[in-house]
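Heads up: numbering here begins at 1 and tracks the sequence.
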Amino acid sequence: MKFLIVLISFILFSCGFSPIDSSKRKPFEVFISYDDTLLNNQFVNEMRKKGSFLNFQFSNSKDADLNIRILEHTITKYTGAKDRNFFAATGTIDYEISMQISKLGKSEEFNFRSSEIFPYDTNKILSNEKKMEDLQVMFFFEAQNQLKNFLYLYFYD
């Protein structure tokens, strides 16, 4: 068993495998432009809170290293299946964000979509709202995590 672990470790390290370590990389200087909507404001505020996770240094200048433009950003909420009394039994939230990202003449479009189905309790409307808020925060985190990977793939030299 030990031989197998040593062999796998040797293979991984000899081929150059290593986890991404953003702490040693220079942060992106980022300018974000977006329409002034509640959803966009919440998303950008979450991005600012997680600036070190994303390896971002936010700028107010369009001359920043990286320009991000939020093109489309939506959350759609609706009820799905019905229970025996014909009340909603499940809720569904669909999340989508599209961004145009550019750096020194190079431009790529980032798209993220996700969906979540959750049990909908007609007797506890406030707890349903709390579930939807928690799902929104989860969607933001997932989108930012995918954005980070996307940037390292296409924009890091």
Side-chain angles (χ1 to χ4, degrees), residues 8-81 88 90-121 125-157:
I8 291 173
S9 298
F10 176 74
I11 291 170
L12 286 176
F13 288 114
S14 66
C15 71
F17 172 80
S18 66
I20 294 175
D21 184 10
S22 63
S23 63
K24 296 178 184 173
R25 298 182 185 249
K26 178 181 169 262
F28 286 111
E29 185 181 352
V30 177
F31 175 75
I32 301 177
S33 58
Y34 54 94
D35 295 332
D36 190 20
T37 65
L38 178 62
L39 188 60
N40 284 342
N41 287 327
Q42 290 172 335
F43 183 76
V44 171
N45 285 338
E46 283 295 316
M47 285 180 76
R48 290 185 190 281
K49 287 180 191 174
K50 294 183 175 73
S52 61
F53 167 75
L54 294 167
N55 204 21
F56 283 179
Q57 181 179 350
F58 292 95
S59 172
N60 293 328
S61 169
K62 289 186 179 184
D63 296 329
D65 298 334
L66 199 63
N67 287 304
I68 298 175
R69 169 90 177 125
I70 298 176
L71 303 173
E72 187 176 331
H73 196 192
T74 58
I75 287 188
T76 308
K77 305 172 189 177
Y78 52 94
T79 57
T90 62
T92 304
I93 297 182
D94 293 330
Y95 178 76
E96 182 176 353
I97 187 166
S98 296
M99 300 178 194
Q100 187 70 38
I101 303 171
S102 55
K103 177 183 177 185
L104 300 173
K106 182 179 180 181
S107 184
E108 295 285 338
E109 189 167 320
F110 169 78
N111 296 301
F112 177 80
R113 291 179 187 88
S114 189
S115 184
E116 190 73 32
I117 298 172
F118 63 95
Y120 190 86
D121 188 356
I125 301 298
L126 292 178
S127 71
N128 293 331
E129 290 297 321
K130 176 68 174 135
K131 285 180 200 173
M132 288 187 276
E133 288 173 11
D134 291 344
L135 287 172
Q136 179 176 323
V137 170
M138 181 193 71
F139 288 142
F140 287 173
F141 177 74
E142 288 175 356
Q144 291 168 11
N145 194 27
Q146 291 298 317
L147 176 64
K148 180 179 180 178
N149 294 335
F150 180 84
L151 292 174
Y152 280 110
L153 181 63
Y154 288 105
F155 291 99
Y156 226 108
D157 302 327

> Is it the case that Lys106 places NZ or CZ above or below the six-membered ring of Tyr154, under 6.0 angstrom from the centre and within 45 degrees of the axis?
Replying inline: no

>> Ignoring hydrogens, what is the shortest heavy-atom contact between Ser59 and Phe31? Give both atom names and the distance.
In response: O-CD1, 3.5 Å

> Does a side-chain heavy-atom distance below 4.5 Å link Phe150 with Glu108?
Replying inline: yes

>> For a side-chain contact (heavy atoms from CB on, under 4.5 Å) check, start with the C-alpha distance between Asp35 and Arg69, then their side-chain angles and the critical distance, and finish with the verdict.
In response: CA-CA 9 Å; Asp35 295 332; Arg69 169 90 177 125; 3.4 Å; yes

> So which heavy atom on Ala64 is nearest to which on Val30, and how close?
Replying inline: CB-C, 4.0 Å

>> Under the rule for side chain to side chain donor-acceptor pair (under 3.5 Å), what residues qualify as partners of Gln100, not counting sequence neighbours?
In response: Ser107

> If you measure from NZ on Lys50 to CZ on Phe140, what distance do you get to the nearest 0.5 Å?
Replying inline: 10.0 Å

> Got a sec: does the CG of Leu71 have more than 12 other heavy atoms crowding it under 6.0 Å?
Replying inline: yes

>> Holding to side chain to side chain donor-acceptor pair (under 3.5 Å), I want the full list of residues that pass it with Ser102, two or more places apart in sequence or in another chain.
In response: none

> Between Phe139 and Glu116, does a side-chain contact (heavy atoms from CB on, under 4.5 Å) hold up when you go through it step by step?
Replying inline: CA-CA 9 Å; Phe139 288 142; Glu116 190 73 32; 3.9 Å; yes

> So, for Phe110 and Ile101, which heavy atoms are closest and what is the spacing to 0.1 Å?
Replying inline: CB-CD1, 3.8 Å

>> Can you tell me how far apart NZ (Lys130) and CG (Leu135) are? Round to the nearest 0.5 Å.
In response: 10.5 Å

>> For a quick test of reading the model, state the closest non-hydrogen atom pair linking Met132 to Ile93 and the distance between them.
In response: CG-CD1, 3.4 Å

>> Looking at every non-hydrogen atom in both residues, tell me the closest pair between Thr92 and Asp94 and how far apart they are.
In response: CG2-OD1, 3.8 Å

> With a 4.5 Å limit on heavy-atom distance, are the side chains of Met47 and Leu147 in contact?
Replying inline: yes

> For the residue pair Phe58 and Phe56, does the interplanar ring angle fall in the parallel (under 30°), tilted (30 to 60°) or perpendicular (over 60°) class?
Replying inline: perpendicular

> What distance separates Gln144 CD from Leu151 CG, expressed to the nearest 0.5 Å?
Replying inline: 11.5 Å

> Out of curiosity, Tyr34 OH to Leu39 CG, how far, rounded to the nearest 0.5 Å?
Replying inline: 11.5 Å

> Among Arg113, Lys77, His73, Glu142, which residue meets the side-chain hydrogen bond (donor to acceptor under 3.5 Å, both in side chains) test with Tyr95?
Replying inline: His73

> Which value, rounded to the nearest 0.5 Å, describes the distance between Lys103 atom NZ and Ile68 atom CD1?
Replying inline: 12.0 Å

> Measuring from Glu72:CD to Asn40:CG, what's the distance to the nearest 0.5 Å?
Replying inline: 10.5 Å

